[in-house]
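To start, the structure under review is shown below, and the notes come after it.
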Amino acid sequence: MSSRPFSKISGVLNGPIAVVGLLAVAALTVPDIAEQTAFDLKVLLVAIWAVYILQLIETLILHEAADGSDRLPALTVDVLSVLVPLIAFLFVGRRDQSLYCAIWLLKPLRNSTFFRLLGRVVSNEARNLIGVTSIFGIVLFGAALAAYLAERDVQPDRFGSIPQAMWWAVVTLSTTGYGDEIPISFAGRVIAGLVMMSGIGIFALWAGILATGFYEEVRRQDFVRNWQLVAAVPLFQRLGSAALVEIVRALRPRVVPAGTIICRKGDSGDQMYFIVEGHVSVATPNPVDLGAGNFFGEMALISGDPRSATVSAVTEVSLLSLYSADFQMLSSSNPDIADIIRKTALERQAAKPKA
Ligand code: CMP
């Protein structure tokens, strides 16, 4: 990690540097910009380009450890960010040279996982999206045809053909309504009203499909991640897959930094914790260190008494927490595991010095 100092800096600065570059590109298109200002802006673009060369070199040389497929989007963006302005400088007239730096629009996206997520959502929902797009096409053509029939005699210059009426149909169906073409016949206005309402419905359908797709994909990712965490806890390794699914849904992952107090002596406790990674310290008279695979916080959960000790994170700790209602569910569906937890709670209770 320490061998990648530039990537840490450029990773954070990718967005701001690209924004500065794009503002310079935009400013250079102003016709009456002062010559000195234009020169300064071009120097700025060259400086940004130099930074991007360094980033490309670093991606090529220092990231060899990274997986090839993970590296591909960043590498593609880095190569384009350097090559496109270079080719423009060599082969394009001076007037448009700086415009090609607009390729830097891609820079802030080079490390983004959003597009991978979007790709999965679109491919999962492809059938539904194609269905709604087909409806859009049908309504669009139908609206253009109807408007052509209703308006061709009264406004032949605007609705004189189906392709001409198509522009009106797109503007109306998308509810944009530029107002450059307006039906004036009664039938034309009725058609316009219907098209507008269909447009709202179609866009709502698209939005709904995508929103559901995103929600399901994020839930799926969470489930897979939680499954891996749960599978790392030895206590759950004896469970069958049906019981594992149940427990994966019930457990909530949480990462706490070193030094955090996870539960405090005397507080009430409505959840217990399983340690996936890291260490915690239980502040009993002889402090106890618990590591991966152990659990704590079960005593208050089972007895309803206040927390018997303060537990704090010695290192960064990855935890899975189980709430009391879910513990009851676990107890009825997996009595073996609940018995182990109860037995441990009794042993710990017995180890407590008598007051
Ligand atoms: P609880 O009382 O809910 O909160 C503090 C937790 O510390 C307690 O549950 C146990 O899980 C844990 N704990 C208490 N005493 C011991 C012990 N002697 N050894 C290991 N863990 C303990």
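In each ligand, atom 1 is the first atom listed, and ligand 1 is the first ligand listed. Just the heavy atoms: all of them, side chains too, but no hydrogens, waters or symmetry mates, feed the values below. As the structure is a prediction and not an experimental result, all values here were calculated from the model.
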So, does Gly269 sit close enough to ligand 1 that a heavy atom of it is under 4.0 Å from the ligand? no

For ligand 1, find out whether one of its N or O atoms is nearer than 3.5 Å to an N or O atom of Leu301. no

For atom 5 (C) of ligand 1, which of Ala351, Ala309, Ala300, Ala345 has the closest heavy atom? Ala309

Nearest-neighbour protein heavy atom for atom 12 (C) of ligand 1, which is reported as residue plus atom name and distance: Val282 CG1, 3.9 Å

Considering heavy atoms of the protein only, find what lies nearest to atom 14 (C) of ligand 1 and give residue, atom and distance to 0.1 Å. Ser308 OG, 3.7 Å

I want to confirm something. Looking only at heavy atoms, which of Lys352, Gln349, Arg348 is nearest to atom 16 (C) of ligand 1? Arg348

Mutual orientation of the aromatic rings belonging to Trp206 and Phe136 [parallel < 30°, tilted 30-60°, perpendicular > 60°]: tilted

Any heavy-atom pair between the side chains of Val282 and Pro287 that's under 4.5 Å? no

re atom 3 (O) of ligand 1, the protein heavy-atom contact at minimum distance is Arg307 NH1, 2.7 Å

Of Asp289, Asn294, Thr315, which is the lone residue that meets side-chain hydrogen bond (donor to acceptor under 3.5 Å, both in side chains) with His279? Asp289

Atom 19 (N) of ligand 1: closest protein heavy atom, distance to 0.1 Å, is Val288 CG2, 3.7 Å

Under a 4.0 Å threshold between the charged nitrogen and the carboxylate oxygen, would Glu217 count as salt-bridged to Arg220? yes

Looking at Glu181 and Arg158, is any side-chain nitrogen of the basic one under 4.0 Å from a carboxylate oxygen of the acidic one? no

Could you tell me, atom by atom, which parts of ligand 1 come under 4.0 Å of a heavy atom of Phe296? 11 (O)

May I ask you to decide if Arg342's main-chain N or O and Glu347's side chain share a donor-acceptor pair within less than 3.5 Å? no

Is the NZ or CZ atom of Arg189 positioned over Phe186's six-membered ring, under 6.0 angstrom from the centre and within 45° of the axis? no

Which of the numbered atoms in ligand 1 are under 4.0 angstrom from any heavy atom belonging to Val311? 5 (C), 6 (C), 7 (O)

Provide, to 0.1 Å, the distance between atom 15 (N) of ligand 1 and the closest protein heavy atom, together with that atom's residue and name. Thr284 CG2, 3.6 Å

Please state whether the rings of Tyr178 and Trp167 are parallel, tilted or perpendicular, taking 30° and 60° as the class boundaries. parallel

Where ligand 1 meets Glu298 - atom numbers and elements under 4.0 angstrom, heavy-atom basis: 9 (O), 10 (C), 11 (O)

